[in-house]
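Everything below concerns the one structure shown next.
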Amino acid sequence: MCGIVGYIGKRDVAPLLLEGLQRLEYRGYDSAGIAIAGKSGGLKTVKAKGRVRELEARVPKRFTGTTGIAHTRWATHGAPSDDNAHPHLDAEGKVAVVHNGIIDNATELRAKLTADGVEFRSETDTEVLTHLIGRSQADTLEEKVRQSLALIEGTYGVAVLHADFPDRIVVARNGSPVVLGIGEKEMFVASDVAALVTHTRQVVTLDDGEMATLKADDFRTYTTDGARTTASPTTVEWEAESYDMGGHDTYMHKEMAEQVEAVDRVLRGRIDDRFSTVHLGGLNLDAREARAVRRVKILGCGTSYHAGLIGAGLIEELARIPADGEPASEFRYRNPVVDPDTLYVAVSQSGETYDVLAAVQELKRKGARVLGMVNVVGSAIARETDGGVYVHAGPEVCVVSTKCFTNTVVAFALLALHLGRIRDLSVADGKRLIAGLRKLPGQIAEILEQEPEIKKLAEEYADARSMMFIGRVRGYPVALEASLKLKEISYIHAEAYPASELKHGPLALIEPAMPTIAIVPDDDLLEKNRAALEEIKARSGPILAVAHREQEKADHTIVVPKSEQELDPILMGIPLQLLAYHTALALGRDIDKPRNLAKSVTVE
Ligand code: F6R
């Protein structure tokens, strides 16, 4: 959510920053801006409402310099506009600040500064910080920033440039990611490694409460209290090319296609045929501790919450441990009872979602054991949790999640199998499920081959104003996720209901203009699901079934390969990603950057 990029070195900075912004645009795309320290002293800025390409068109020819910071915004305080775009400048135009996060006491500070005669040029919370730094009487930029941060409450990832200190960029983190990239006589900073990997893979991730000073040939890190910290650089695993579109028209299309190899990757090295189980190296939970778990509570937001619901089902089925999922955003506000025998699992593909992080912190404060189910190695949630399972999906650039969702569900299947085999799951069932897991990449490839037919169906349904998604037990979270995907990128209203609940109300919506997408696996609930299709047909509702064989009552059936029934939810969602994609395409939507959304919700 919002992207920051900065550079200090010898190269011409504007093209570098624009390229970085383009790579971060998935984190926010309503306005963008750049500030650079000009060769002849002073700062130069350019800002534009809209996409990075609009900013690029505005950058003047002589916009040269070798130090600069930039930002792409997802509006929180103040509508998208040129004025509200970052960087923000202080009254004298000497200080430029880019900021991710929210300053909670901005209104109060703004009132004080206004009373002191400061004139604000934007409606943003960030401008408050800019003026505080500009007005600080401290001698060094570090001290000016430190003093100002001490006055603000809230979350931030910030980068600060000062005309009087053109040899450095000062950055700080509290709740919003800041990553330093170490180059050859040059330094980068970004809110996400996506902006760094084409230049360097040596990175340092700041902790909350940490600051850094970047110079062209050197950097140092310290706490907001001024104490030096040791920064150990790590190497980013992801290749720069994995951030490219790779010949696809959209990132979403590329990422759906990548599910074959991504699922293969999450399985790799983890299956133990000898004991018909899986090894999860980072779990930090020995067999005795795993046996002592009495409940599992899974927390996540949006798509990750849906993956958690499927995970809860898998854990309950395979390990016979009561398990449930809950939106982390709700959990953290309801003063939850934290039980010492419960294992908590925080799910987040970015590892930065603020609501999930806050839930983890609340749990840790209350002494709970929390595992992470995260895609981004070294992210805040990965670091805050006591252990966990990396989902190894590779970078996901499209705002809506596809391959991360699928890999998270597979990672949950691994966790469930692991916990199951420590408890009462038989060797035979372990073997059966392992064989099922191994088949998944090939089965996903088979589903993806049906894209041309799914595209035709999508075009047929694209003029619907609303759609109903139904599923039963294992199929219900699949319906929830499929309906979210459709809403997010096509803007068609969609409802998801357990098929068993139809008669209790939503059946009233069924009519010829309301298509139902039904998840109908060949499992022990097949007949029940067929009965629901009958009920819909009797009300002339069009039906598209996702099933293991043609469904007579449905107008169309997408047939998916049969898996082990516990693993069905992994495969049944994939054709519905394609359905959402092609519906959105037929409607001419901006698929990778849906309206009002941004990747990684690092604010409340
Ligand atoms: C939807 C989507 C979101 C995220 C949610 C949590 O396609 O991607 O619903 O799943 O914002 O994000 P993470 O998983 O990064 O915690």
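In listed order, ligands and their atoms are each counted from 1.
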**Asked** Among all protein non-hydrogen atoms, which one is nearest to atom 11 (O) of ligand 1, and what is the separation to 0.1 Å?
**Response** Val601 CG2, 4.0 Å
**Fill in**
Gln349 heavy atoms within 4.0 Å reach ligand 1 at atoms 13 (P), 14 (O), 15 (O), 16 (O)
**Message:** Taking side-chain contact (heavy atoms from CB on, under 4.5 Å) as the criterion, tell me which of Val345, Ile381, Asn407 meets it with Met373.
**Reply:** Val345
**Per-atom contacts of ligand 1 with Gly302, taking only distances under 4.0 Å to non-hydrogen atoms** = 9 (O)
**Request:** Among all protein heavy atoms, pick the one closest to atom 15 (O) of ligand 1 and tell me residue, atom and distance.
**Result:** Ser350 OG, 2.6 Å
**Request:** Could you tell me which non-hydrogen atom of His306 sits nearest to which non-hydrogen atom of Leu480, and how far apart they are?
**Result:** CE1-O, 3.6 Å
**Message:** Taking 4.0 angstrom as the limit and counting only heavy atoms of Glu488, give me the atoms of ligand 1 inside it, by number and element.
**Reply:** 1 (C), 2 (C), 7 (O)
**Request:** Looking only at protein heavy atoms, identify the closest one to atom 14 (O) of ligand 1 and say how far it is in Å.
**Result:** Ser304 OG, 2.5 Å
**Positive for side-chain contact (heavy atoms from CB on, under 4.5 Å) with Leu544, one of Leu457, Ile454, Thr516** = Leu457
**Complete:** Scanning both residues in full, the closest heavy-atom pair of Val52 with Glu25 reads N-OE2, 2.7 Å
**Prompt:** Of the listed options (Cys301, Ser401, Ala346), which comes nearest to atom 8 (O) of ligand 1 when hydrogens are ignored and any heavy atom counts?
**Reply:** Ser401
**Asked** Where on Lys485 is there a heavy atom closer than 4.0 Å to ligand 1, on the side chain, on the backbone, on both, or on neither?
**Response** side chain
**Prompt:** Val399 near ligand 1, heavy-atom distance under 4.0 Å?
**Reply:** yes
**Asked** Among protein heavy atoms, which sits nearest to atom 16 (O) of ligand 1, and what does the distance come to when rounded to 0.1 Å?
**Response** Thr353 OG1, 2.5 Å
**Request:** Return the residue, atom name and 0.1 Å-rounded distance of the protein heavy atom closest to atom 2 (C) of ligand 1.
**Result:** Thr303 OG1, 3.6 Å
**Item:** Contact summary for Ala328 and Asp355, nearest pair of heavy atoms
**Value:** CB-O, 3.9 Å
Residues 579-593, side-chain donor-acceptor partners within the protein, below 3.5 Å, at least two apart:
residue : atom : partner : partner atom : Å
Tyr581  : OH   : Thr250  : OG1          : 2.9
His582  : NE2  : Glu451  : OE2          : 2.6
Thr583  : OG1  : Leu579  : O            : 2.6
Arg589  : NE   : Ser490  : O            : 2.8
Arg589  : NH2  : Ser490  : O            : 3.2
Asp590  : OD2  : Arg51   : NH1          : 2.8
Asp590  : OD2  : Arg51   : NH2          : 3.1
Asp592  : OD1  : Tyr251  : N            : 3.2
Asp592  : OD1  : Met252  : N            : 3.0
Asp592  : OD2  : Tyr251  : N            : 2.7

**Request:** Taking atom types as modelled, find out whether Ser401 and Glu396 have a side-chain donor-acceptor pair closer than 3.5 angstrom.
**Result:** yes
**Asked** Can we call the ring centroids of Phe188 and His199 under 6.0 Å apart?
**Response** yes
